[in-house]
Amino acid sequence: MEKLQYSSARLTEEYGIRIGRWTQYAADRELPFDAMWCVIPPGGSSERDQHPEVELSVVASGSADYEAPGSGERTEAGQGAAVLLPSREPHVIHNRSDSEPLVLLSIYWMPEEAAPPGQAAPEEAGE
């Protein structure tokens with residue numbers, strides 16, 4: 001059993017926020033997904049991000065305002081809520097609090113349809 005918490009994680013500056021990638025934990029090698037802590041300071045926002053992975057963003061502490069630039073779509077999520085971000089969807093995450101940091105657990109993985117060239121995705125291969 002290993003307890004993983006953002007308050008003791010090594011955080012670095014990435015995407016305009018503080019990130020703690022789970023590669024710093026021994027358990028990371030056993031997981032079928034990648035993960036990281038994201039800490040957004042009071043009144044702060046992440047940079048616009050877009051990636052091939054599907055991302056499940058869980059609000060561990062605070063309240064998040066997810067924005068999909070270009071579409072005008074916004075979703076607010078409080079502590080304990082999760083937002084599923086599709087592959088390649090541009091997004092910005094805002095912390096609207098003026099006093100509390102926003103802490104997210106970001107869990108991400110490559111979608112099955114993104115199989116490497118020349119290799120069928122599992123559903124196409126009859127699995």
Side-chain angles (χ1 to χ4, degrees):
M1 187 178 303
E2 184 178 357
K3 182 177 180 179
L4 312 173
Q5 54 188 64
Y6 83 92
S7 59
S8 60
R10 288 185 317 273
L11 302 175
T12 59
E13 294 288 330
E14 296 181 49
Y15 309 105
I17 60 177
R18 309 241 332 130
I19 300 287
R21 295 192 180 275
W22 278 30
T23 52
Q24 66 188 280
Y25 303 120
D28 178 69
R29 291 182 287 284
E30 300 172 22
L31 301 174
F33 54 80
D34 291 312
M36 62 186 177
W37 299 110
C38 301
V39 181
I40 303 175
S45 297
S46 68
E47 295 173 357
R48 182 184 182 276
D49 192 19
Q50 182 177 1
H51 42 74
E53 297 90 355
V54 174
E55 179 179 357
L56 180 64
S57 180
V58 181
V59 180
S61 176
S63 182
D65 180 3
Y66 295 82
E67 175 187 3
S71 74
E73 182 180 355
R74 295 184 89 100
T75 300
E76 291 192 24
Q79 184 173 345
V83 173
L84 186 62
L85 300 163
S87 173
R88 303 195 189 290
E89 179 176 68
H91 54 278
V92 175
I93 306 170
H94 306 281
N95 180 357
R96 300 294 185 206
S97 172
D98 58 1
S99 60
E100 299 296 322
L102 168 61
V103 180
L104 307 170
L105 170 58
S106 171
I107 301 167
Y108 52 99
W109 61 93
M110 291 300 290
E112 288 184 13
E113 65 271 8
Q119 180 181 340
E123 63 274 8
E124 295 171 6
E127 294 180 17

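As the structure is a prediction and not an experimental result, all values here were calculated from the model.
In the hydrophobic clustering of ILVMFWY residues, with side-chain heavy atoms under 4.5 Å counting as a link, L102 and L105 come out apart. Residues L4 and V59 are members of separate hydrophobic clusters, defined by side-chain heavy-atom contacts under 4.5 angstrom among Ile, Leu, Val, Met, Phe, Trp and Tyr. No single ILVMFWY cluster, assembled from side-chain heavy atoms under 4.5 Å apart, contains both L85 and F33. Residues Y6 and Y25 share a single hydrophobic cluster, defined by chaining ILVMFWY side chains whose heavy atoms lie under 4.5 Å apart.
Under the side-chain contact (heavy atoms from CB on, under 4.5 Å) criterion, S71 pairs with A68, E73, sequence neighbours left out. When the side-chain contact (heavy atoms from CB on, under 4.5 Å) test is applied to S97, the partners found at least two apart in sequence or on another chain are N95, S99, E100. When the salt bridge (Lys or Arg N to Asp or Glu O under 4.0 Å) test is applied to E13, the partners found at least two apart in sequence or on another chain are R18.
Between V92 and S45, the shortest heavy-atom contact is CG1-CB, 4.3 Å. Nearest heavy-atom pair, I17 versus S46, reported as atom, atom and distance to 0.1 Å: CG2-CA, 3.6 Å.
Residue pairs meeting the side chain to side chain donor-acceptor pair (under 3.5 Å) criterion with at least one member in residues 56-66, sequence neighbours excluded, are S57-Y66, D65-R74, D65-R96.
No side-chain heavy atom of L11 sits less than 4.5 Å from a side-chain heavy atom of I19. By the 4.5 Å heavy-atom criterion applied to side chains, W22 and I107 are not counted as neighbours. Counting only heavy atoms from C-beta outward, the side chains of W37 and L104 never approach each other to under 4.5 Å. Looking only at side-chain heavy atoms (C-beta outward), E14 and M36 stay at 4.5 Å or farther from each other.
We find the OG-OH distance between S87 and Y108 to be 14.0 Å, quoted to the nearest 0.5 Å.
The main-chain N or O of A27 is never found under 3.5 Å from a side-chain atom of E30 such that the two would form a donor-acceptor pair.
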Applying side chain to side chain contact (heavy atoms under 4.5 Å, CB included) to I93 and V83, what does each step give before you reach the verdict? CA-CA 11 Å; I93 306 170; V83 173; over 6 Å; no
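In the hydrophobic clustering, where aliphatic and aromatic side chains (Ile, Leu, Val, Met, Phe, Trp, Tyr) are joined below 4.5 Å either directly or transitively, M1 stands alone.
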Please set out all donor-acceptor pairs under 3.5 angstrom arising from side-chain atoms of residues 49-56, sequence neighbours excluded.
residue : atom : partner : partner atom : Å
Q50     : NE2  : R88     : O            : 2.7
H51     : ND1  : E53     : O            : 3.1
H51     : NE2  : E55     : OE1          : 3.0
E55     : OE1  : H91     : NE2          : 3.4
E55     : OE2  : S106    : OG           : 2.7

